[in-house]
Structures are given as structure tokens and as C-alpha cells.
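First the structure, which I've put down as C-alpha cells, then a few questions once you've had a look.
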Amino acid sequence: MSQTYINELSNHIDSTVVLKGWVYNSTNKGKLNFLVIRDGTGICQCVVFKPNVGEELFQKSLTLTQESSIIISGKVKEDKRAPGGFEIDVASMEIIQIALEYPISPKEHGIEFLAERRHLWLRSARQHAILRIRHELIRAMRDFFDGRGFTLIDGPIFTPAACEGTSTLFETEYFDLGKAYLTQSSQLYAEAAAMAHGKVYSFGPTFRAEKSKTRRHLTEFWMIEPEVAFNDLNDNMDLAEDFLEYIVGRVLKNKSAELQTLERDTKFLQNVKRPFPRISYDEAVKILLKKEIAFEWGNDFGGTDETIISQEFDRPVLVHRYPSAIKAFYMKRDPENDKLALAIDVLAPEGYGEIIGGSQREDDLTKLEERIKKHKLPMEAFNWYLDLRKYGTVPHSGFGLGLERTVSWVCGLEHIRETSPFPRMINRITP
RNA sequence: UCCGCAGUAGCUCAAUGGCGGAGCAUUCGGCUGUUAACCGAAGGGUUGUAGGUUCGAAUCCUACCUGCGGAGCCA
């Protein structure tokens with residue numbers, strides 16, 4: 001008989017099925033042995049009743065330890081006492097392996113203990129739910145762009161120089177060509193691709209060697225970066241709004257059970273509907289000053305500042321037109337105020353901070369050259385990028401969204417490390 | 001890089017400078033409805049490392065190691 005998955009059990013009531021999986025938990029009470037089996041799609045209580053199965057099979061079931069791998073068959077019964085409403089009345093059982101004593105018990109554990117055993121921690125219900133939501137978000141992101149005529153064009157992971165010259169990069173030797181750096185953004189390459197395809201996005205890993213030690217930082221994370229020829233700042237904000245509304249909607253629609261497992265209050269997620277509030281940097285500063293936060297115009301917002309600003313709103317907020325001095329060289333200046341860059345950040349609600357950063361790009365060759373000089377960046381490294389402004393330059397815009405920060409927000413997590421299957425942080429590169 | 005906190009049984013934690021403890025896990029026994037079951041019993045310790053103070057240190061002091069939280073940094 002072929003395998004039935006636990007999430008399909010409701011189609012098999014009163015018939016005999018075969019489950020293949022692992023013992024998630026077990027407890028016995030005299031002549032009854034309860035096994036909770038998981039198979040990757042869900043968990044199901046399986047009941048081994050001595051008078052029904054006989055002495056031999058019952059004793060065999062008592063030897064099962066947590067995470068032992070088994071194949072069982074039995075009749076599916078509706079039972080309100082079982083978690084999920086269904087249980088299997090076990091008729092036969094094949095043990096593949098009796099697992100050694102499993103380190104992760106159903107009781108609480110410290111974060112270091114769990115992180116050391118991330119390869120096993122993935123099996124627990126909470127981690128399972130998070131990675132399912134991560135998967136749904138990834139699918140939704142790709143569906144969103146694919147459905148709007150975007151072409152996926154990824155940038156390289158090895159790059160010859162810093163994209164912005166600001167953040168610290170991981171460095172490696174690259175044959176006879178000297179040093180190579182792991183990418184911190186595909187944006188510049190996405191701009192080139194947008195001049196070829198109009199609407200493009202890249203989606204891949206990103207590396208930052210900053211010694212950041214906070215709940216919002218990983219050294220390796222995934223970023224999705226759309227770039228659109230002829231889009232101005234407002235078009236860019238429209239795109240970001242559409243995008244967030246769509247991906248959050250998809251999780252609400254398709255992953256409600258997982259959100260429930262995480263005990264996520266979906267109130268804020270339900271609110272992720274256009275239009276989002278759009279405020280300028282100046283207005284954001286006013287919010288801080290009104291709350292009597294010591295903040296000087298011209299500085300970038302810290303994590304706490306972002307939290308305070310986002311708490312003013314019931315959905316993501318777009319902050320636009322930052323001081324150009326604190327933004328990257330490639331951002332276009334506001335034609336109405338040269339001190340401002342046509343940048344946007346999107347701050348997630350509930351203190352989750354910046355999940356999107358983007359801008360309208362500088363499309364003027366001369367201004368871009370000036371800016372590269374002013375930032376003391378190596379001009380040769382940007383020759384190809386400057387070509388984009390020599391041969392049919394057009395206004396264009398794009399943004400980058402951090403996948404893990406988005407997952408963290410949607411799932412309502414305390415720390416970003418749970419959003420990555422194998423997170424890389426300043427103090428951890430294993431397992 | 002800086003500030004703060006922590007490190008004791010497999011895990012989570014307690015122990016006023018005076019005999020090293022509990023719950024869970026494990027093993028054994030009991031129970032026909034458990035949901036982190038319950039009841040009874042047993043085994044389980046170089047108190048992160050190295051020094052120091054003291055009659056006596058898990059406890060106080062110094063250094064180091066490891067981790068955690070935060071700051072800085074960070075599209």
C-alpha cells in the first residue's frame with residue numbers, strides 16, 4: 001500500500017492507511033501506547049492498544065524512542081481527543097530505526113543548546129512552521145514579479161569591489177586576479193539588466209561582514225531586488241506597496257495553520273493593505289522630536305528610532321527623501337532640494353524595522369562621476385556602471401527587500417536567527 | 001570595538017562564605033484515553049578554565065574562554 005501523508009488524512013476516514021515518519025512524542029498508559037508521529041506534513045496521534053495488536057507488537061511499540069523512524073498502518077478514525085481530530089488505530093508497524101536518546105526534549109532549552117543542534121531543531125513544530133512560511137513568502141515574491149512581466153536576472157556572488165564602499169565585505173582570493181568580495185547587493189547589476197529587459201529582479205544571498213550583534217542581523221541573508229527602467233520614486237513606492245500587500249496576503253491565505261502554531265497575532269498582518277502611509281524623512285524626524293527623542297537632522301535612524309516611528313502606524317510605513325549625505329552615491333538627488341536623496345525605506349510595524357531600502361537611481365553621467373570621486377571610490381571599478389549612463393540612460397528605480405527580516409516580521413519572531421535554516425552570525429558558522 | 005548579564009547533572013534552573021539540590025530526560029515497576037500524562041524507585045557532578053583571598057569558595061577577587069542581550073556598525 002502506498003504512503004499517505006498526514007495532511008491528507010481527512011480524505012481517508014475509516015480506511016486503512018500507511019504512514020511513514022518519525023516518533024515525535026510517546027506516552028503509555030498500561031495497555032495503551034500513544035505515539036505521536038510526524039511525517040513532514042503534520043503530526044498524528046497513533047494508538048497502540050494491547051488487546052487489539054497482541055503482546056509482541058505492543059512490546060515492540062514500547063521500545064520506540066523519540067525520533068525513531070517507523071512505518072505504520074492502521075485505520076483512520078475521527079476522535080475529538082486526538083490533536084488534529086484524527087488518530088490511527090495501529091494494526092502493524094515496521095521499525096526502521098530505534099533512535100538514540102534525542103537531545104531535544106519537548107521541554108524548554110536554551111538558545112545556545114538549540115543553535116548547536118540546528119540540524120535537529122529544524123524538526124520541531126515551531127521551526128517547521130517558520131520555514132514553511134519562509135517558503136510561502138519566497139514563492140509569493142517570485143509569483144508577484146513573474147506575474148508582472150519581470151525577468152529574473154541574478155547578479156554575481158563574487159564581485160571585484162564594494163558596491164557602495166561603505167559596508168564591510170567578506171574577502172577571498174580569486175586566482176591571479178587578486179581579491180574578490182562576496183556580494184552585498186546585486187543592485188548595480190540589476191540596473192544593467194533593467195536596461196536590457198525593462199523590468200527585472202534578482203534574488204540571492206547577500207553577505208555582510210559587519211560585526212553586528214543584534215536580533216535583526218545575519219552575516220548571510222537573502223535579498224530580492226527589483227529594478228525597473230522608467231520608474232520614478234513614486235512608481236517605486238507603488239511597487240513596494242503592491243509587493244508587500246501581495247506577499248503578506250499569500251501567507252495569510254495559505255499558511256494560517258503555521259501562523260497559529262507560532263501563536264502569531266495576525267492583526268497587523270491583516271492591516272497590510274494599500275495605501276500605506278508615506279512620510280518624508282523630515283516628518284519622521286518630527287515624530288521623534290515630538291516624543292522627546294534626542295535626534296539631530298541629518299543622522300540616520302537607529303533601531304530604536306525606527307521602532308518609535310513605525311509604532312505611529314498600523315501598517316508598514318514608507319519613509320522617503322533622506323539626507324543624501326547618509327545615503328549611497330548612486331541615489332538621485334531630489335530636484336527640489338539637493339540635500340535630499342530620492343530614497344525610500346519601508347519600516348515594518350511592531351518594531352521590526354527596515355525591511356526595504358530603495359531609491360530612484362542617478363541617471364546623469366556627470367553627477368554620478370562627481371559622486372564617485374567625492375566618495376573616494378575607485379572610478380575604474382565603476383566604468384561599466386557609468387556606461388549605463390552613456391548609452392541611452394533613463395530614469396529608473398528599484399529596491400531591495402531582506403527576506404529574513406520579512407519572515408521575522410510576518411512570523412512575529414524575537415530573533416532573526418530562526419528565519420534561516422542554518423543562520424550565519426558573527427559568533428556562529430556551525431552546523 | 002564598547003557596555004551589561006550569564007556559565008552548577010543530558011536539559012532548564014536553585015543553593016545567605018559552612019553536607020551539591022529540584023523538575024524534566026534516562027533506566028526499572030504500575031495504570032484502558034494520554035495531550036509537556038500521572039504514581040513509585042534507581043543511576044547521574046573536576047560547579048567554564050587558571051590563579052588568589054579564607055579555617056572553609058558554586059558563592060568573594062583577578063585574568064582568560066564561551067555564550068546571551070544591547071550599542072556602534074549596517075540599503
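Within every chain, numbering begins at 1; the chains are lettered A, B, ... in the order of the sequence lines, protein sequences first and strands thereafter.
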Check nucleotides 10-13 of chain B for protein N or O atoms closer than 3.5 Å to its own N or O atoms and list the pairs.
{"from": "C11(B)", "atom 1": "O2'", "to": "Glu108(A)", "atom 2": "O", "distance (Å)": "3.1"}
{"from": "C11(B)", "atom 1": "O2'", "to": "His109(A)", "atom 2": "ND1", "distance (Å)": "2.7"}
{"from": "U12(B)", "atom 1": "OP1", "to": "Gly110(A)", "atom 2": "N", "distance (Å)": "2.8"}
{"from": "U12(B)", "atom 1": "O2'", "to": "Glu108(A)", "atom 2": "OE2", "distance (Å)": "3.0"}

Would you indicate what Glu87(A) reaches in the nucleic acid, counting non-hydrogen atoms under 4.0 angstrom: base, sugar-phosphate, or nothing?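 It contacts base atoms.
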Pick out which of Ile224(A), Ile247(A), Val248(A) makes a side-chain contact (heavy atoms from CB on, under 4.5 Å) with Leu137(A).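 Single side-chain contact (heavy atoms from CB on, under 4.5 Å) partner of Leu137(A) among Ile224(A), Ile247(A), Val248(A): Ile247(A).
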Atom CG of Asn427(A) to atom C1' of C65(B): distance rounded to whole Å?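 Whole-Å distance recorded here is 12 Å.
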Starting at the 5' end of RNA chain B, which residue's closest nucleotide do you reach first, Glu225(A) or Glu414(A)? Glu414(A)
To the nearest Å, how far apart are Met425(A) CE and G70(B) P? 12 Å
What is the separation between atom CG on Leu62(A) and atom P on C28(B), rounded to the nearest whole Å? 10 Å
Within the structure shown, what part of the strands sits under 4.0 Å from Phe49(A) by heavy-atom distance: base, sugar-phosphate, or nothing? base
Among the nucleotides G69(B), U1(B), U66(B), which one has an atom lying closest to any side-chain atom of Lys211(A)?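 Side chain of Lys211(A) sits closest to U1(B).
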Which of these nucleotides, C73(B), G69(B), G33(B), is closest to any side-chain atom of Glu210(A)?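 Nearest nucleotide to the side chain: C73(B).
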Examine the base of C74(B) for any acceptor or donor lying under 3.5 Å from a partner atom in the side chain of Ser212(A), and report the outcome as yes or no. no
Result for salt bridge (charged side-chain N to carboxylate O under 4.0 Å, His left out) between Asp334(A) and one of Lys327(A), Lys339(A), Arg321(A) points to Arg321(A)
Donor-acceptor pair present, Glu116(A) side chain and G67(B) base, under 3.5 Å: no
Rounded distance in Å between the C1' positions of A25(B) and G44(B):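 Comparing C1' positions in A25(B) and G44(B) gives a spacing of 11 Å.
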Is there a donor-acceptor pair closer than 3.5 Å between any side-chain N or O of His217(A) and the backbone N or O of Lys213(A)? no
Look at all strands and tell whether Lys213(A) reaches a base, only sugar-phosphate, or nothing, counting heavy atoms closer than 4.0 Å.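 Base contact.
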Protein-nucleotides 45-49 of chain B N/O pairs closer than 3.5 Å?
none

Any donor-acceptor pair under 3.5 Å joining the side chain of Gln45(A) to the base of U34(B)?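 Yes.
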Selected nucleotide, minimal atom distance to Arg216(A) side chain, candidates U34(B), A71(B), G67(B):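 Per side-chain heavy atoms of Arg216(A), the pick is A71(B).
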Give every pair of a protein N or O atom and an N or O atom of nucleotides 37-42 of chain B that lie under 3.5 Å apart, one pair per line with the distance.
{"from": "A37(B)", "atom 1": "OP2", "to": "Asn25(A)", "atom 2": "ND2", "distance (Å)": "3.2"}
{"from": "A37(B)", "atom 1": "N7", "to": "Thr27(A)", "atom 2": "OG1", "distance (Å)": "3.2"}
{"from": "A37(B)", "atom 1": "N6", "to": "Asn28(A)", "atom 2": "O", "distance (Å)": "3.2"}

Among U1(B), C68(B), C73(B), the one nearest His217(A) by side-chain distance: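 Shortest atom-to-atom distance from the side chain points to C73(B).
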Rounded off to whole Å, could you give me the CD-to-C1' distance for the Glu112(A) and U66(B) pair? 7 Å
At 4.0 Å (heavy atoms only), tell me whether Arg428(A) reaches a base, stays on the sugar-phosphate, or touches nothing. nothing
Expressed in angstrom and rounded to an integer, what is the separation of Arg417(A) atom CZ from G70(B) atom C1'?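 Atom CZ in Arg417(A) sits about 13 Å away from atom C1' in G70(B).
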Side chain of Lys31(A) only, heavy atoms from C-beta on: which candidate in U32(B), C73(B), G33(B) is closest?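 The closest nucleotide is U32(B).
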